[in-house]
Amino acid sequence: MKYLILKVKQLKNSKRKNKLSNNNKHIRKKLVIKSRTENLSSLRDFISENANVAGLSTDEIDDIILAVDEACTNIIKHAYKSMPDGEIVIEIDYNSKKFTIKLIDHGNSFDPQLVPLPDLKKYLKQRKVGGLGLYLMKSLMDDVQYISVPGKYNQVLLSKNLNN
Amino acid sequence: MAEFNTSVKEQGKISIVNLNGFLDAHTASTLENTFSSLVDNNKFNIVVNFKDLSYISSAGLGVFMAFIEKVRENGGDIKLSAMSEKVFNIFDLLGFPLLYEIFNTEGEAIKKFEEKK
């Protein structure tokens, strides 16, 4: 019974929160997945659905889906070193001007400064494979920011400005 | 889970690989296996048909990088064909047209191999 009352309260609160954010035209959505590449497709669906609701163009949606896929793939392979049970939290936050995706993990920290943007011609000649993801993310999004608190969490923030 | 599969058909000395679905970090190993098996069987004249590929991420692009050297060392090539505009744009963004020949149709890619003979 206590649990039920708590649930009802939570429901009321969350409805109130939704109403508030709708008034401010500020929408937030959240997804939590395990660090497995098999989850990339449901992550892409989550981004696609919400970007659609937000009214983004097909090209914008495609760019964002790929950038988020690359960010998440990097987390799975590098932060969690392909361990399957790490947690990745994905939060979408948007208003009429900006669509932002935040990815948070608790794996190994990552300093993007240590990954230079590749000289693509040279890079391809050397048949290097890694590092292309970060390059794609920076090319496809308007802003890419990393915050790393070693031993605690890493956060990557991907933003796209909306032109409407 | 993302759906991806490949199918291979032989046309003379040319192997044509059809890609179907979503090529990402999860499904890239399927394409790796396809290329490995071609290379192990000394099939180095490879045309890849992208007509039915809906999506590619850098993990998928990496597979082409991983095999191109071995294939060319053996006198062959991996020629790419029939990409959608969306998929081509990703290849283009990463400078792949400098390294790979990309054709509008599978037929043109096959013809290029045949001209070489």
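Naming: A, B, ... by sequence-line order, numbering from 1 per chain.
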**Study point:** Non-hydrogen side-chain atoms of B:Asn89 and A:Asp62 separated by less than 4.5 Å
**Key:** no

Practice item. Could you tell me which portion of A:Ile65 (side chain, backbone, both or neither) has an atom closer than 4.5 angstrom to a non-hydrogen atom of chain B? Key: both

Check your understanding: Are A:Leu157 and A:Ile47 linked, directly or through other ILVMFWY residues, by side chains that come within less than 4.5 angstrom of each other?
Key -> no

**Study point:** A:Thr37 to B:His26 - nearest heavy-atom pair and separation
**Key:** OG1-ND1, 2.7 Å

Review point. How long is the span from the CG atom in A:Asp69 to the CZ atom in B:Phe22, to the nearest 0.5 Å?
Key: 11.0 Å

Review point. Quick one: what part of B:Tyr55 sits under 4.5 Å from any heavy atom of chain A, side chain, backbone, both or neither?
Key: side chain

Practice item. Say whether B:Phe88 and B:Leu99 are linked into one hydrophobic cluster, either directly or through other cluster members, by side-chain heavy-atom distances under 4.5 angstrom. Key: yes

Point to revise | B:Glu10, CD atom: more than 12 neighbouring heavy atoms under 6.0 Å | key: yes

Check your understanding: Is A:Leu162 reachable from A:Ile101 through a run of hydrophobic residues whose side-chain heavy atoms are each under 4.5 Å from the next?
Key -> yes

Review point. Hey, what do you get for CG (A:Leu66) to CD1 (B:Ile90), rounding to the nearest 0.5 Å?
Key: 4.5 Å

Study note, to complete from the structure: Taking every heavy atom of B:Leu94 against every heavy atom of A:Tyr135, the minimum-distance pair comes out as CD2-CD2, 3.4 Å

Review point. Are A:Val149 and A:Tyr146 in one and the same hydrophobic cluster, where Ile, Leu, Val, Met, Phe, Trp and Tyr link if side-chain heavy atoms are under 4.5 Å apart?
Key: no

Review point. Considering residues, nucleotides and ligands other than A:Lys34, do more than 12 of their heavy atoms fall under 6.0 Å from its NZ?
Key: yes

